[in-house]
Amino acid sequence: MGAGASDLKSIQDSPELRKFVGEDLIAPNDPFWNQLLGFKLARKLTRNDDKNLESNLQDLFNTFQTNNPKTGNFAALIKIFSLKVTDLKSSLALKCDDLRRETLAAAQLVRQLCQRLVSCSDEEQLVRQCRALPLPDGVPPPAGSDPLLLLIGTLTDMTITLPLQENTYFIHLEALNTLLILLGCQMYTTKPAHELPVYRLLLSAQPAADAGPFVKTLLRRVSARDRAPDWSTADGPDGGGSFTLGLAGGLWSALTLGYSSLTAGGAEETADHWPPVAAQSLLLLLVLGNHCTDRRSPLDNPHRRAMFEMANFHDPAEPQLMVRPHSFRVDFGRLLNALCDLPPSEPASLLLYLLLHKSAAFRTYVLSRTDVDTPVMPTLLTLYRVADNSSSSHQLYMSLIVLLILTEDPLFNRSVHDTLVKSAPWFTERSVTDISVGGLIVLVLVRAIQFNMNNTRDKYLHTNCLAALANMSAEFRQLHPFVCQRLVSLLEQLSRRHSRQLQLLQAQPPPDGVSLQDVTVLEDVVKMLLEIINSCLTAQLAHNPNLVYALLYKREAIQACLSHTGFQDISRNIETVLAHFHEKVASLPKEPGVKEVLAVIQEGVRMFPMERLRKFPELKFKYVEESDPEAFFIPHVWSVVFSGSELHWRADTVCQFDPLQPGAVS
């Protein structure tokens, strides 16, 4: 019997499944469980098949919701799954093909039930169905018998302690999928996470005690990015092509969802270049790191604290590390390389931001590396894509903030100008192989500002681009001629537009489409560009002859800009430099060439009397998180999970964002 879509319509007739959802209590030691779970997996189906499965199993799911509170069969399944995992953790048991298949089958059925309870019911229904136990009226459940807590504990403990091997890869993947689904109840409610039972259980005593090892394991999975094995070989030497005949086989071939992209010879990696276990680990870290974070939450989030208190594996022992309960060590180098690999993925950009912003040890490590291009290149690629809309707005913002955080460090700003670009094939406007990383940063930021001012006019975008440029400006050195040309051309373009807009605004009445707000925004941007150029000239004039040349070349346009009353204070130094070098160039024979002019400038910048320039406070901007970060990050994180987890989420009941426009708060 095949596993095509036609099988889905007959699944509801499966005797095993009908018995499971029926009115009869099935004891944990009933041989039925071995029959239900004793199969070999057939080929994989697609996410669309998962949608069809949801539709075709709706009647059975309704029956399950009606009968399970009386039978407690879901709690029995959870107990069996936990026992299977316990047996599997034995080193000898890992070689038992039947036990591995049964464990995976139990994990898949648990995941499918959780998935439908989370997306089709409220979180209280999920809790009631998990905790339903067949007890006589008035008899309380025994202490420590909470099946939902058992499930969460089993999933986290298994992730930590069960070795990740070819023959356990998909069991681990199901565990991560199930945890994401359970925590996904946040997607379908507007209640804060600390009021949701799943989060309260996850942050309770025993799961919280495992927070450090659990987060450490997830980070190591992200760093390692272990590829998924071929499905046909991951199920043992006899492969996964045969299965129990009859409707049970059709049922289980249909429940083997989420692996449709896994092909012979390996796995098609999700999120551009992320294998499934690494991708789901990354998403789970984002969920754990962004919930129960504000002061209004009565719950402490040990997973978030563990993520930010980690230390580098290669660092000398830190005395404080031993007294922090959730601290651990990971290889920062491998982690950074994974998060910064190209092409950049949105989840990776988000985790990189989170670690740079909140983990002092990780930020110190990144800033101390000599290969400064590692964290910079994926950020610049995301910003470069602003013109073709291939980066989401939220990924764009995260990349900008990452760059802003990096440019807060003076050593970083010096290092980027000492490092040449190894390769930037994505920059197609011209060859940039002879440019420094710092020059490429300036080039991409200028391009992003220009596009934004001409098109989207997103104040957040140009403000942060200008802030990063301002932080770097006092360390600009040996800027490439093309970089200087683009920087000065942007100033010329925006100053001219500002003058035109100002003239139109003074007309009575002003034409449609011209407003004081637009003129004010343009004025602020032009003034900031002038401050950036002034900062470079006053701090690094001797190292930037190409910038002086570009300013002289556009001298008339620049002087028109400098004549504006709002810019006169900041423009005096620029006027002084231009007047000095214009005089020197004017003394050359008529119509000197570029080489002659540049030679005069190069000689003159070393001799320029710097005391003639007025000193201004150094430009310094620092990223400050919003007062209520959860209002942004929770909808954003769940939109990323919704679109990138390779799980089928029901869209019509999502509350946190608009599923048609992932990332937007609904």
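In this chain, numbering begins with 1 at the start of the sequence shown. What's counted below: heavy atoms across the whole structure, side chains too, no hydrogens, waters or symmetry copies.
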Please confirm whether [X] and [Y] have ring centers closer than 6.0 angstrom.
X: F657; Y: F642; answer: yes
X: H417; Y: H543; answer: no
X: F567; Y: H564; answer: yes
X: H394; Y: F632; answer: yes

Review point. Checking side chain to side chain contact (heavy atoms under 4.5 Å, CB included) for the pair L350/H636: CA distance, chi angles, key distance, verdict?
Key: CA-CA 10 Å; L350 188 51; H636 176 40; 3.9 Å; yes
Counting only N and O atoms by type, is there a donor-acceptor contact under 3.5 Å from the side chain of [X] to the main-chain atoms of [Y]?
X: N301; Y: R304; value: yes
X: Q186; Y: I634; value: no
X: N546; Y: H480; value: no
X: E583; Y: H580; value: no
X: S436; Y: G439; value: yes
X: N413; Y: N471; value: yes
X: N337; Y: G333; value: yes
X: E531; Y: A470; value: no
X: T538; Y: S535; value: yes

Should the heavy atoms of other residues, nucleotides or ligands under 6.0 Å from [atom1] of [X] be counted, would the total exceed 12?
X: E429; atom1: CD; answer: yes
X: K358; atom1: NZ; answer: yes
X: K620; atom1: NZ; answer: yes

Using residues 553-561 as the side-chain source, report each donor-acceptor pair under 3.5 Å to any protein atom, sequence neighbours left out, with the distance given to one decimal.
| residue | atom | partner | partner atom | Å |
| --- | --- | --- | --- | --- |
| K554 | NZ | E492 | OE1 | 3.1 |
| R555 | NH1 | H582 | ND1 | 3.3 |
| R555 | NH1 | H582 | NE2 | 3.2 |

Review point. Do D409 and R363 meet the salt-bridge criterion of a basic N to acidic O distance under 4.0 Å?
Key: no
Practice item. Show the numbers, then the answer: is there a side chain to side chain donor-acceptor pair (under 3.5 Å) between T379 and S399? Key: CA-CA 5 Å; T379 302; S399 296; 5.0 Å; no
Spacing of [X] atom [atom1] and [Y] atom [atom2] [to the nearest 0.5 Å]:
X: S643; Y: W649; atom1: OG; atom2: CH2; result: 11.5 Å
X: D458; Y: I449; atom1: CG; atom2: CD1; result: 12.0 Å
X: C484; Y: N544; atom1: SG; atom2: CG; result: 6.0 Å
X: L196; Y: L183; atom1: CG; atom2: CG; result: 9.5 Å

Exercise for review: Starting from the C-alpha separation in whole Å, work towards a yes-or-no answer on ring-ring contact (aromatic ring centres under 6.0 Å, His included) for Y397 and Y353.
Suggested key: CA-CA 10 Å; Y397 296 153; Y353 152 76; over 10 Å; no
Which heavy atom of [X] sits nearest to which heavy atom of [Y], and what is that distance?
X: L367; Y: F412; result: CD2-CB, 3.9 Å
X: L443; Y: V483; result: CD1-CA, 4.0 Å
X: L404; Y: A468; result: CD1-N, 3.9 Å
X: L537; Y: L547; result: CD2-CD2, 4.1 Å
X: P635; Y: E630; result: CD-O, 3.5 Å
X: R305; Y: D300; result: NH1-OD2, 2.5 Å

Check your understanding: Taking atom types as modelled, is there a side-chain donor on N573 or N534 under 3.5 Å from an acceptor on the other?
Key -> yes
Exercise for review: Would you check if there is a donor-acceptor pair between the side chains of Y460 and S393 at a distance under 3.5 Å?
Suggested key: no
Review point. Are Q450 and N454 side-chain neighbours, meaning at least one heavy-atom pair lies under 4.5 Å?
Key: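 They are in side-chain contact.
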Check your understanding: Run the side chain to side chain donor-acceptor pair (under 3.5 Å) check on D418 and S415 step by step: do they pass?
Key -> CA-CA 5 Å; D418 296 330; S415 299; 5.6 Å; no
Exercise for review: Let me see the working for H357 and Y623 under ring-ring contact (aromatic ring centres under 6.0 Å, His included), right down to the final yes or no.
Suggested key: CA-CA 9 Å; H357 180 45; Y623 169 69; 5.0 Å; yes
Donor-acceptor pairs under 3.5 Å, side chain of residues 605-618 to any protein atom, not counting sequence neighbours: which ones?
| residue | atom | partner | partner atom | Å |
| --- | --- | --- | --- | --- |
| R606 | NH1 | Q602 | O | 3.3 |
| R606 | NH2 | E603 | OE1 | 3.0 |
| R614 | NH1 | D569 | OD1 | 2.4 |

Practice item. Check step by step if side chain to side chain contact (heavy atoms under 4.5 Å, CB included) holds for R500 and R496. Key: CA-CA 6 Å; R500 289 195 303 269; R496 284 180 174 174; 3.9 Å; yes
**Study point:** Candidate list L522, V519, L502, D518, test side-chain contact (heavy atoms from CB on, under 4.5 Å), partner R497, passing option
**Key:**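 Exactly one option meets the side-chain contact (heavy atoms from CB on, under 4.5 Å) with R497, and it is L522.
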